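Note on naming: letters A, B, ... go to the chains in the order of the sequence lines (proteins, then strands), and numbering restarts at 1 for each one. If you're wondering where the values come from, they're calculated on a predicted model, not measured in any experiment.
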Amino acid sequence: MMKKAAAAILALAVTTGMFAGCYGGGSSTSSGEESHASSEGNTEGKIDTSKEVNLVMYLYGSEGVANQSILKELNSKLKEKINATLEIKYIDWGNISTKYPLLWASGEEFDMSYVASNASVPYATLAKQDVLADITDMLDKYAPTLKTAINDSAWNSMKVGGRIYGVPSTYSEFTAYGFVTRKDILEKAGLEKVSSIEDMEKYMDAALSAGFVPLNGSSNLAMDLYRMFIATTSDWLDAPGIPESEMYLAFSASNGGKIFHPAFTDEFEKFAAKMAQWSEKGYWSKDVLSAAQDDKDNFYNGLSAAYITHQPDWTGSYGLQLQKGLDVETEFYTFAEANNKIVKKMGCENATGISVNSKYPERCLMLIEQLMTDKECYDLFQYGIEGVQYKIVDGKITKPDGFDEKTQGGGFAGWALRTDALNIPSVTEDPRRYTLNEAWNKVAIDNPFVGFSFDNKNVSAELSSIANVDSQLGIQILLGKTSDAADSVSKYREQLKTAGVDTVVDEVNKQYEAFKAQ
Amino acid sequence: MVKIKSALKSFAREICRNKILFLMILPALIYFIIFAYIPMPGAYVAFVDYHLNKGIFRSEFVGLKNFEFLTKTGELWRITKNTFLYNSVFILLGNLVQVFMAIMISEIACRWFKKLSQSVILLPYFISMVIVGFFAYNIFNYNNGFLNSLLVSLGFEKHDFYADQEIWKYIIVFFKIWSSTGYGMIIYLAVITGIDEEIYEAAALDGALRFQRILYITLPMLKSTVILLILFGLGGILKGNFDLFYNLIGNNSVLYSQTDIIDTFVFRSLVGSFNFSQGAAVGFYQSIFGLVLILTVNAIVKKIEPDNALF
């Protein structure tokens, strides 16, 4: 009898994990509404900062060894100026997709957090579900400098239902996608630079004969090719509705200003045929769908002749290239440049929000103002302590001599608080970032969707089904993995229809019309 | 009233008598209360339109809307079937191999060899599936995979394993058995070592050969444990081995028709959007399915072998 019992207990212990797994959903009821009270009632002219407060901010990343000492330095400044101290909590890179939603769902008491329109819980969702403090009426009183330092279009991009729930970054970035090439193969191909899809083909043919796999990537390559397709086709722009990680919708002003799904166009058929041809030619490896290394890693290790990414990633990888010792110059072909479609970044793509659970929203706002407009605080927060984490040589940030990563390394993922006014270029960035940014600043067009946020409440089932279609047939078409391109396009269209793509497109257009009519 | 009182009384006496045994089971009880019973009402999240600030119980009730995405493209049947079949094979073949291995090891007389082989079989259990995915890629990839290099050097054509739908079900089952055998085997070994030596000695005296002793003593003694473990396994039959499938197949959609299980399907559908409710809806479906299945099978076991039924 005892033996049987012992065996049963052992067995129980083994299977416990299996059963426990089912209830992972978590049951947390937030109690946000009670702490809704902000200090709006305080109408006296002078701001009362007599009470010292400690404010908690959530950022991505993990704590570097020197973070505490940087923070100590920063806090002595902040305490002097606004009688507040900052405490940073971290969401580790690997856990963002799970911890970030839980941060908001758990009703945890914290003060500020990184928010973004493409975070795992988008900014607009947070604002609509009342977990962010409405700061519209607080700006004039508590952060007048900040209010003027950030231009109106950036503030407008933060508006949800006409109200502002976060402070946008004003750091100019153009996340325009492009094709990164090597100088030596460009010469082999007899090209000055790549400036069209045809040039890309010439370049990749030359790369093939030089023994390279031209785009030696993983399945991520599929979405890069899709971005290339949208960016190089007439006046199409990225549109909201379907998440960016899938085959998203497009917008065309010449097409009556409507949002549509690109898969239902003739251009898509041609593109699918082209991708099948590229795959056939061996522009990417045969088992690209299962490959683990992406094209960028392979490029800097000399295993891929090109890769597709956006401009800040390319220019920001200059340091990586130096580190890897890839001794060849790189060039960049911007897909959207030829059709004049470089789009200005919206502020809400990187911003800082204040939690409704914060007891001191007004003090948070003052702190954000300090971090974004005060030179001393800005430098400490973005770069660390001068002479320890960085020094400035020829107007560029570089590591001081004798810098030891093990004892002095650190810093914060504070991109959401960067501003053009106070930014200092870094030696690990390709200087072409700034020349390109300057050139694009002149020609860049406004995003037609500034201030528009799509509410997917009514179409969530459709979106999940579409995601699934995209991950199967969609990805296969993009990487030319189907036996008959034309046939699979018509199949893909059929599947999209069954998944309810029309409902989604109608809903987006309806909401967008309503938004424009406002 | 009197009945309840006397029942309570006898229960209290039972506790008093077996204090130590109840104390030993206490941690497991607490574990299940905290991690299984208290969160159970949270399953309600599968039926609401989850609102961050309102929480689970004050969000709007939407009925079965969160389940819609599973049926929308008509894939529910395919993924349910795949999950069910894969797990059936894992449970049945897995237990078979475990019993077989446990008997083999228990029959080894040489002590150090016994320990060594047991450790070697157990080791794969501790290897992360991410690493296993890399193993597989290095064995099967087209350009310079181990198998393809071997094929070429033997004068055969290269084979594109990552486009071949047929073979992956075997590869997956192989890796699953490879990684789980050692761990499951321990339970059977424990039961075998618990079998009274005298029975074997008596059988030997009567002239039973080693094979006969296994067939007529060890196997029947293991029967109740096998049934118990299979019943436990059935409860989770729709819970896929996400890490195994995701790391071996990943985004390779060419292979999905044979390798897609509920968990990978849900991961792909929801990874781009934030939706607790749809995720919970799937968990709810899997649990209900498991519950119904385990009740049915238990009822059948009860009919045939009343002693071995779970409850």
Side-chain angles (χ1 to χ4, degrees), chain A residues 3-4 6-8 10-12 14-16 18-30 32-33 101 104-105 107 120-122 125-126 129-131 219 243 245-246 285-287 289-290 292 356 456-457 460-465 467-469 471-473 475-476 481 495 498-500, chain B residues 28 31 35-36 39-43 45 49 51-53 55-58 65 68-69 72-75 134 137 141-143 160 162-163 183-184 187 190-191 194 224-225 228-229 232-233 235-236 239 250-254 256 265 268-276 278-280 283 286-287:
Chain A
K3 275 167 221 157
K4 204 173 170 186
L10 244 171
L12 191 72
V14 176
T15 39
T16 312
M18 205 184 292
F19 285 104
C22 349
Y23 307 107
S27 67
S28 46
T29 41
S30 59
E33 268 152 49
W104 302 101
S120 50
V121 192
T125 309
L126 293 173
Q129 303 201 352
D130 309 322
V131 287
S219 56
S245 54
E246 295 151 29
S285 72
K286 228 176 155 80
D287 36 30
L289 284 170
S290 294
V356 280
N456 64 18
K457 190 175 165 235
S460 57
E462 284 79 3
L463 285 175
S464 305
S465 304
N468 202 38
V469 173
S471 72
Q472 297 189 44
L473 203 47
I475 212 171
Q476 292 179 30
K481 282 281 160 198
Q495 290 185 7
T498 332
Chain B
Y31 177 90
F35 291 105
M40 218 177 256
V45 74
D49 175 25
H51 185 286
L52 278 174
N53 200 14
I56 294 174
F57 296 103
R58 282 179 293 160
K65 192 165 168 277
E68 234 173 63
F69 84 101
K72 195 117 198 154
T73 43
E75 304 219 45
F134 276 101
Y137 183 68
N141 85 63
Y142 186 79
N143 289 332
D160 192 357
Y162 279 101
Y183 199 74
I187 299 165
V191 179
S224 57
T225 315
L228 180 79
L229 285 186
F232 276 149
K239 305 261 153 62
N251 294 323
N252 193 343
S253 56
V254 177
Y256 283 167
F265 174 88
R268 287 203 314 277
S269 305
L270 300 180
V271 70
S273 58
F274 153 73
N275 204 322
F276 283 156
Q278 287 183 353
Q286 290 174 313
S287 302

Practice prompt. Please round to the nearest 0.5 Å and tell me the distance separating atom NZ of Lys457(A) and atom NE2 of His51(B).
Written response: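 Rounded to the nearest 0.5 Å, the NZ-NE2 separation comes out at 9.0 Å.
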When rounded to the nearest 0.5 angstrom, what is the spacing between CG in Asn252(B) and CD in Gln476(A)?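 That separation rounds to 8.0 Å.
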- Query: Would you say the side-chain atoms of Gln129(A) pair up with the backbone N or O of Leu52(B), donor to acceptor, closer than 3.5 Å?
  - Reply: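 Between the backbone of Leu52(B) and the side chain of Gln129(A) there is a qualifying donor-acceptor contact (under 3.5 Å).
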Asn53(B) side chain to Asp130(A) backbone, donor-acceptor under 3.5 Å:
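Checked: pair present.
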Please classify the contact between [X] and chain A as side chain, backbone, both or neither, with a heavy-atom cut-off of under 4.5 Å.
X	answer
Asp160(B)	side chain
Gln278(B)	side chain
Phe134(B)	side chain
Asn251(B)	both

Closest non-hydrogen atom pair, Phe276(B) against Ala105(A):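 Where Phe276(B) meets Ala105(A) most closely, the heavy atoms are CE1-CB, 3.5 Å.
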Q) Considering all heavy atoms of both residues, which atom of Ser253(B) and which atom of Ser471(A) are nearest to each other, and what is their separation? A)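 What the structure gives for the nearest pair is CB-O, 3.2 Å.
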Practice prompt. Would you indicate whether the side-chain heavy atoms of Phe69(B) and Asn468(A) approach each other to under 4.5 Å?
Written response: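 SC-SC contact between Asn468(A) and Phe69(B) ruled out.
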**Q.** Close side-chain approach of Ser460(A) to Lys65(B), heavy-atom, < 4.5 Å
**A.**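 They are in contact (side-chain heavy atoms under 4.5 Å apart), so the answer is yes.
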- Any idea which of Ala467(A), Ser464(A), Pro101(A) has the most non-hydrogen atom pairs under 4.5 angstrom with chain B?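 Highest number of pairs under 4.5 Å: Ser464(A).
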Open item on the list: Please rank Pro122(A), Gly500(A), Ala499(A) by heavy-atom pairs under 4.5 Å with chain B and give me the top one.
Closed with: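 Of the candidates given, the most pairs with chain B belong to Ala499(A).
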* Under the ring-ring contact (aromatic ring centres under 6.0 Å, His included) test, which residues partner Tyr142(B), sequence neighbours left out? ->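 For Tyr142(B) there are no ring-ring contact (aromatic ring centres under 6.0 Å, His included) partners, ignoring immediate neighbours.
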The criterion is side chain to side chain donor-acceptor pair (under 3.5 Å); which residues satisfy it with Ser285(A), sequence neighbours excluded?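 Counting only residues at least two positions away or on another chain, Ser285(A) forms no side chain to side chain donor-acceptor pair (under 3.5 Å).
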